[in-house]
2 protein chains.
Amino acid sequence: MTAPQQERSKATRLRLVEAAVDCLAEKGWSGTTVAIVARAAGVSRGAAQHHFPTREDLIAGALEFATETQLIENRARAAALPEHGLTRVEAVVNMLVDIYVGPYFRAALQVWVAASADPSLHARVQPLEARLGRTIHHVAVELLRADERKPGVRETIQGTLDMARGFGLATVLGDDSARRRPIVRQWARVLAGVLGEQ
Amino acid sequence: MTAPQQERSKATRLRLVEAAVDCLAEKGWSGTTVAIVARAAGVSRGAAQHHFPTREDLIAGALEFATETQLIENRARAAALPEHGLTRVEAVVNMLVDIYVGPYFRAALQVWVAASADPSLHARVQPLEARLGRTIHHVAVELLRADERKPGVRETIQGTLDMARGFGLATVLGDDSARRRPIVRQWARVLAGVLGEQ
DNA sequence: AGATAAAATCAAGCGCGCATGCTGGTTTTG
DNA sequence: CAAAACCAGCATGCGCGCTTGATTTTATCT
C-alpha cells in the first residue's frame with residue numbers, strides 16, 4: 001500500500017509550511033508564532049510541535065518550501081516567454097522583478113532580516129539563499145541568451161538582479177509598481193544594449 | 001541661562017536613540033528591547049520610559065535619528081568628491097552604495113521590514129523613508145550633474161538607487177563587498193554612457 | 001492470518017522566562 | 001519649594017518548549 005500515514009504526515013507538514021509562508025508574508029516575523037501558524041493550518045499546536053520540534057525548524061522548513069516553489073514557478077514562467085528582441089529582454093527583466101516582489105520573497109525577506117541577528121538561523125538560511133541566488137542568475141543568463149565571456153555582461157546581469165532585490169525591498173514599504181514600470185523599461189533598453197553591443 | 005536640565009534631557013535622549021540604532025543594527029528587531037537599549041545607553045529602564053513612553057516611540061526616534069545622521073553624512077562625503085569624468089561617476093555610485101550597506105541602513109532595514117506588518121509603526125516610518133528616498137535621489141542627480149530632461153536619465157538613476165538598496169539587502173546575509181566591486185565598476189560605466197549620450 | 005506489541009500522529013495543558021507598561025518614590029535643577 | 005528628570009519594583013500578557021494522554025497505523029510473534 002501507499003503508506004497512507006506517511007501520506008497524511010506529508011500533507012500535514014505541507015499545510016504547516018504553507019501556512020507559515022503566508023503568515024510570514026502578511027504578519028511578519030514577530031507575528032508568526034507557532035500557535036497562529038498551527039491554527040491557520042488547521043492543526044493543533046502539539047501536532048506542529050511534533051513535526052517541527054522547534055520554531056526555528058518550522059521557519060526553516062517554510063523558507064525551504066518557499067525557495068523550492070519559487071524555483072518551480074520560474075521554470076513554468078520561463079517556458080511561456082515571448083519571442084526575441086527587446087520585448088523579450090523586457091519580459092525577462094519583468095519576470096525577474098516579479099520574483100522579488102511576490103509573496104514568497106516577502107516571506108523570505110522576513111526570515112533573512114531576522115536571521116542576520118540569529119547565528120543559528122543564519123547557518124540554516126544562508127545556504128538556501130546562496131543556492132537560490134545562483135539558480136536565478138543562471139536562469140537569467142539562459143533566458144537572456146547572454147554570452148558571459150563578453151566583458152561587463154555578467155556584472156550587468158548581477159546588477160539587474162540586485163536592482164530587482166531593491167524593488168522587492170521597496171515593496172514592503174508600500175506598492176511601488178507605478179514607480180517601477182518606467183525604470184524597468186529603461187533598464188531593459190540599457191541591458192539589451194550591453195548584451196548586444198560590439 | 002542655557003537651561004542645563006534641558007541640556008541633560010537632550011543628551012539622555014540622544015544616548016538612547018544612538019544605543020537603539022546600534023542595537024537594531026547588530027541585534028535586530030527582536031533583540032532590541034527597551035531594557036537592553038537602556039543598559040547600553042547607561043540609563044535605567046524607567047528613564048527610557050520617561051523619554052519614550054512606548055517602545056514604538058523609541059524605535060521611531062531611533063529611525064528618525066538614523067535618517068538625519070545619514071543625510072548629514074552624505075553632505076560631508078559629497079563635498080569631498082573627486083574631479084570629473086568616469087572616476088567621478090564611479091565614486092558617486094560607490095558613495096550611494098555605501099549608504100545602503102552601512103550600519104544606519106541596517107538598522108533602518110530592521111524597522112522597515114518590521115513595519116510592513118505593523119500598521120501603526122508603518123504610519124510613522126513611511127514618511128521618513130519617502131523623504132530619505134527623495135533626498136538621496138536629489139543628491140544623486142546633483143552629484144552626477146545629470147540632466148533629468150534627457151529620456152532615460154531619471155529612470156537609470158532610480159534604478160541605480162534600487163540596485164544599491166539590493167546590495168544593502170544582500171549585505172545582511174553576509175559580506176558582499178568582493179562580489180560588489182566589479183558590479184559597481186561596470187554599472188558606473190553604463191551609467192556614464194546613459195548620462196553622456198544624447 | 002490474527003493478535004498484540006511498538007511506533008507514529010495528533011490534542012491539550014502546564015510552567016518558565018521575558019518584555020512591556022505602569023506606579024510610586026528619589027534626586028537634581030531652577 | 002516646585003518641577004522636571006531619573007530610578008526600582010510590580011503586574012499582566014504571551015510565546016515557547018515540555019509532558020501527558022488518546023487514537024491510528026505499522027511491525028512482529030505465534
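Worth saying up front: this structure is predicted, and the values here are computed from it rather than measured. In what follows, chains carry the letters A, B, and so on, assigned in the order in which the sequence lines appear, proteins first and then strands, with residues in each chain numbered from 1.
Atom CZ in B:Arg13 sits about 10 Å away from atom P in D:dA5, given to the nearest Å. Note: NE2 (A:His51) to P (C:dC10) measures 4 Å, nearest angstrom. Distance, B:Leu58 CG to C:dA19 C1': 13 Å, rounded to whole Å. Residue A:Glu56 contributes atom CD, which lies 9 Å from atom P of D:dG17 at whole-angstrom precision. Look at CZ on A:Phe52: it is 14 Å from C1' on C:dT9, rounded to the nearest Å.
Each of C:dC10, D:dA5, C:dG21 was ranked by its minimum atom distance to the side chain of A:Thr12; first place goes to C:dC10. If you check C:dA11, D:dG17, D:dC7 against the side chain of B:Ser44, the one that comes closest is D:dC7. Of the candidates D:dC7, C:dC22, C:dT9, the closest approach to any side-chain atom of A:His50 belongs to C:dT9. For B:Arg45, the listed nucleotide lying nearest its side chain is C:dT20; candidates were C:dA11, D:dC16, C:dT20.
Between A:Phe105 and A:Tyr100, the angle of the ring planes goes over 60°, which puts this pair in the perpendicular group of the 30/60° scheme.
The distance from atom CG of A:Leu132 to atom CG of A:Leu71, rounded to the nearest 0.5 Å, is 5.5 Å.
For D:dC16, the OP1/OP2 oxygens have no side-chain nitrogen or oxygen of A:Thr54 closer than 4.0 Å.
For the contact set between residues 25-37 of chain A and DNA chain D, defined by any heavy atom under 4.0 Å, the members are A:Thr33, A:Val34. Heavy-atom distances under 4.0 Å link DNA chain C to no residue of residues 107-126 of chain A.
Taking 4.0 Å as the cut-off between side-chain N and carboxylate O, A:Asp147 and A:Lys150 do not count as a salt-bridged pair.
In the hydrophobic clustering of this structure, B:Leu63 does not group with B:Leu14; members are Ile, Leu, Val, Met, Phe, Trp, Tyr whose side-chain heavy atoms approach within less than 4.5 Å, directly or through other members. Both A:Leu96 and A:Trp187 are members of a single hydrophobic cluster when ILVMFWY side chains are connected at heavy-atom separations under 4.5 Å. When the side chains of ILVMFWY residues are joined at heavy-atom separations under 4.5 Å, either directly or via intervening members, A:Phe167 and B:Met163 end up in a single hydrophobic cluster.
The heavy-atom pair separating B:Arg179 from B:Asp176 by the smallest distance is NH2-OD2, 2.8 Å. Of all heavy-atom pairs between A:Trp29 and A:Gln110, the closest is N-OE1, 3.1 Å. For the pair B:Ala78 and B:Leu143, the tightest heavy-atom approach, listed with the atom from each and the gap, is CB-CD2, 3.8 Å.
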